[in-house]
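A quick write-up on the structure given underneath.
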Amino acid sequence: MNPLLRGRLRPWAAGWLTLVTLAGGAALAPAALAGTSEGGFPLPPAVEAIMHKPGYEHAQWGVYEVDPSNGQVIHSQFANQSFVPGSDTKLVTLSAAWHSLGPDHRFTTPVFATGTRRGTTLDGNLGLVAQGDLTMGGRTEPDGSVDYTNVDHTSANDLPGATLTPENPLAGINQIARQVRAAGITRVNGNVLIDVSIFAPPELDPQPTPLIINDNLIDLQTTPTAPGQKAKLFWRPQVQPYKVTFTVSTVAADGPTDITVKASPDGTRITVSGTIAAGSQPVLRTSPIVDPNTFGRTALIEALGRAGVTVTAKATGPNPEAPGSYAHDPQVAAYVSPPYHEYAKLILKVSHNLGANLALCNMATVVAHTDDCFGGGFAVEHRFLTDVAHVDPQQFQLDDGRGGDATEKATPIGLSEILDYWLHTPDATAFRRSLPILGVNGSNAISCPDCPAKGKVFAKPGTVIGLDRLNSQLDIADQSQAGYLLTDDGHLVIFVVLVNSATTPDIAGAVRIFDDTNQISALLQEEASAHL
């Protein structure tokens with residue numbers, strides 16, 4: 001494991017770990033809403049019991065629960081202190097992006113034809129001007145929504161159970177190629193280039209780039225066959241000069257599944273080796289696309305060929321330098337993205353780290369009109385907090401869009417105020433439904449499959465895990481949940497639960513800590529249903 005595992009930790013595959021069953025119908029003390037602590041009432045005994053479990057001896061718990069209809073504070077514990085928020089940072093980033101870009105904003109990626117036309121022949125180049133579109137059609141369903149799975153392929157190398165959406169990752173590129181052909185071009189006596197001048201990729205992990213195809217990843221899915229036989233490989237997107245050497249063997253059903261992926265420095269030569277147990281589910285791994293611009297250029301040239309457009313330039317090779325202006329060049333194609341609220345839903349549901357970091361660049365380019373993702377993106381975010389949401393930005397210390405650093409901070413009250421802002425907007429319901437729903441979908445889908453709170457907790461989880469080498473254990477720098485509780489009679493309550501500096505001997509313990517925060521969420525929903 002890396003010294004710091006950035007992002008959230010999902011409830012890991014039930015196949016090898018039985019998650020703690022969330023309390024259903026837990027007995028709450030009659031005085032659960034009696035007394036006060038920091039302006040709220042004492043926490044239910046069942047919640048207190050979780051907070052005093054082994055591993056939390058030196059941890060700090062932050063809790064804030066408020067009834068937005070009247071401002072009554074229900075529970076408050078260290079609510080004005082700073083905590084590591086993990087991926088709850090995305091609540092801030094995506095709120096700013098959703099508002100500043102607009103929920104219906106669409107990214108239009110144009111292609112221009114430079115040079116001169118002679119009938120169906122272009123003596124010149126085709127230039128695709130990248131716009132920071134997160135998916136380029138690779139997840140778009142027929143109804144225009146953006147598809148996702150509860151364990152996303154971007155997490156496949158860290159989390160078991162990751163699966164692929166069925167959409168073709170090259171869908172947008174293929175559509176552009178067909179439009180070029182429909183514009184009457186059948187031959188390009190020149191080159192194809194990807195213009196990436198819209199922003200300079202910032203030093204973030206994962207790094208957002210102007211052109212993104214398949215989240216800048218090669219998917220490698222291994223499916224077992226019969227013991228002693230070679231397993232089956234499915235990989236995508238298949239673009240030159242990427243090649244995969246596959247040597248995974250199928251072993252007995254009780255044998256080990258251990259798959260290793262290695263790639264050449266330029267990412268184009270990938271080796272997949274190891275073993276997979278017979279009868280087990282397919283195993284997904286990914287390998288990075290090291291040069292998204294060159295990859296995109298080749299992908300477009302190949303798509304043009306499939307559409308009936310011949311390009312004289314070699315398909316593989318470096319991406320040419322962009323001309324700088326297309327003022328006098330005709331547009332011959334354009335891919336139009338789904339509306340931004342669909343991207344926001346994807347990012348929030350699966351904690352899509354690349355998309356959250358990209359949101360900073362989207363705000364910089366679309367709203368601040370600068371190629372500086374940090375300067376422009378955070379300026380827009382700061383203005384959103386102060387002028388729109390009316391939330392004190394000093395309640396947050398952020399250095400990316402995803403929330404992956406233990407140095408980033410947020411107060412429970414600050415997060416709750418972001419959540420409260422949404423309740424006064426026309427998009428309140430859409431935003432709430434974009435959050436993972438306990439026991440139903442997104443990052444919290446596996447937890448609470450049968451408890452009374454299933455489907456009634458809409459919350460963004462956050463996780464930051466580090467190594468404590470001194471004590472040979474894991475340091476849970478953050479595990480958190482922030483969102484809305486829907487009471488049984490339809491009343492909405494805002495809640496934030498964070499724990500910092502918990503410890504556990506192994507990754508199974510980290511999953512139990514994740515589940516503890518979901519259990520607290522469920523208990524608070526049951527309590528609110530009984531007393532509000």
Side-chain angles (χ1 to χ4, degrees), residues 8 10-14 17-34 40-53 56 61 63-70 72-77 88 150 348-349 412 415-416 419 423 428-429 431-462 479-499 511-532:
R8 78 276 173 263
R10 299 180 186 276
W12 284 25
L17 176 66
T18 301
L19 297 180
V20 177
T21 302
L22 296 190
L28 297 179
L33 292 181
F41 303 101
L43 290 168
V47 172
E48 290 280 5
I50 293 172
M51 293 179 171
H52 289 90
K53 290 170 60 176
Y56 299 126
W61 286 92
V63 180
Y64 193 68
E65 183 182 355
V66 62
D67 183 344
S69 67
N70 56 21
Q72 179 189 25
V73 176
I74 301 169
H75 298 301
S76 179
Q77 180 170 300
D88 280 333
N150 292 331
L348 292 169
K349 285 289 187 186
L415 291 171
S416 74
L419 294 164
L423 297 180
T429 300
F431 178 79
R432 173 167 58 87
R433 293 190 176 278
S434 295
L435 300 174
I437 304 175
L438 188 64
V440 177
N441 61 33
S443 301
N444 290 333
I446 296 177
S447 294
C448 194
D450 301 310
C451 72
K454 177 182 178 180
K456 301 171 185 175
V457 178
F458 304 76
K460 181 72 193 72
Q479 185 59 67
S480 54
Q481 299 282 344
Y484 306 98
L485 308 172
L486 182 65
T487 65
D488 295 348
D489 63 358
H491 191 71
L492 279 178
V493 175
I494 294 170
F495 85 103
V496 179
V497 175
L498 307 99
V499 60
V511 175
R512 288 191 291 272
I513 292 171
F514 175 95
D515 203 57
D516 282 346
T517 59
N518 269 324
Q519 185 172 2
I520 289 173
S521 302
L523 288 166
L524 294 178
Q525 188 278 334
E526 293 175 45
E527 179 198 45
S529 294
H531 292 278
L532 293 181

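Every residue two or more places apart in sequence or in another chain was checked for a side-chain hydrogen bond (donor to acceptor under 3.5 Å, both in side chains) with H52, and none qualifies. Among residues two or more places apart in sequence or in another chain, the side-chain contact (heavy atoms from CB on, under 4.5 Å) test is passed with S416 by Y64, I413, I494, V496. For S529, the side-chain hydrogen bond (donor to acceptor under 3.5 Å, both in side chains) criterion is met by D488, Q525, not counting sequence neighbours. Residues that satisfy the side-chain hydrogen bond (donor to acceptor under 3.5 Å, both in side chains) test with S69, not counting sequence neighbours, are D67. Taking Y484 as the reference, nothing meets the side-chain hydrogen bond (donor to acceptor under 3.5 Å, both in side chains) condition, with sequence neighbours excluded.
For N150 (side chain) and S443 (main-chain N/O), no donor-acceptor pair under 3.5 Å exists by modelled atom type. A donor-acceptor pair is defined here as one N or O able to donate and one able to accept, closer than 3.5 Å; no such pair exists between the side chain of K460 and the backbone of A482.
Taking CD from Q72 and CD from E65, the interatomic distance works out to 9.5 Å, rounded to the nearest 0.5 Å. With rounding to the nearest 0.5 Å, the separation of OG1 in T429 from CG in L423 is 9.0 Å. Rounding to the nearest 0.5 Å places CZ of F514 at 6.0 Å from CD of Q479. Between atom CD of residue E526 and atom NE2 of residue H531 there is a gap of 11.0 Å, rounded to the nearest 0.5 Å. S76 contributes atom OG, which lies 9.5 Å from atom CG of L43 (distance to the nearest 0.5 angstrom).
Counting heavy atoms from C-beta on, the side chains of I520 and W61 come closer than 4.5 Å. For the pair N518/N444, a side-chain contact is recorded, criterion being any heavy-atom separation below 4.5 Å from C-beta on. Contact annotation: the side chain of Q519 never approaches that of V47 to less than 4.5 Å [non-hydrogen atoms, C-beta and beyond]. Residues F495 and L419 are not in side-chain contact: their nearest non-hydrogen atoms beyond the backbone lie 4.5 Å or more apart. Using a 4.5 Å heavy-atom cutoff, the side chains of H75 and E527 are in contact.
Scanning all heavy atoms of the two residues, the minimum distance from A522 to C451 falls at CB-SG, 4.3 Å. Among all heavy-atom pairs drawn from S434 and L348, the shortest one is O-CB, 3.4 Å. Taking each heavy atom of Q481 and P461 in turn, the nearest pair found is NE2-CB, 3.4 Å. In plain terms, the two heavy atoms of P44 and L524 that are nearest each other are CD-CD2, 4.4 Å. Contact detail for A459 and L435: the closest heavy-atom pair is N-CB, 3.9 Å. Nearest heavy-atom pair, L523 versus A46, reported as atom, atom and distance to 0.1 Å: CD1-CB, 3.8 Å.
Tested against I74 for a side chain to side chain contact (heavy atoms under 4.5 Å, CB included), the candidates V63, L485, L532, V66 yield a single pass: L532.
Identified under the salt bridge (charged side-chain N to carboxylate O under 4.0 Å, His left out) test for residues 431-453, with sequence neighbours left out: none.
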Item to check | CA sep, side-chain torsions, deciding dist, call: L438, S447, side chain to side chain contact (heavy atoms under 4.5 Å, CB included) | outcome: CA-CA 6 Å; L438 188 64; S447 294; 4.0 Å; yes
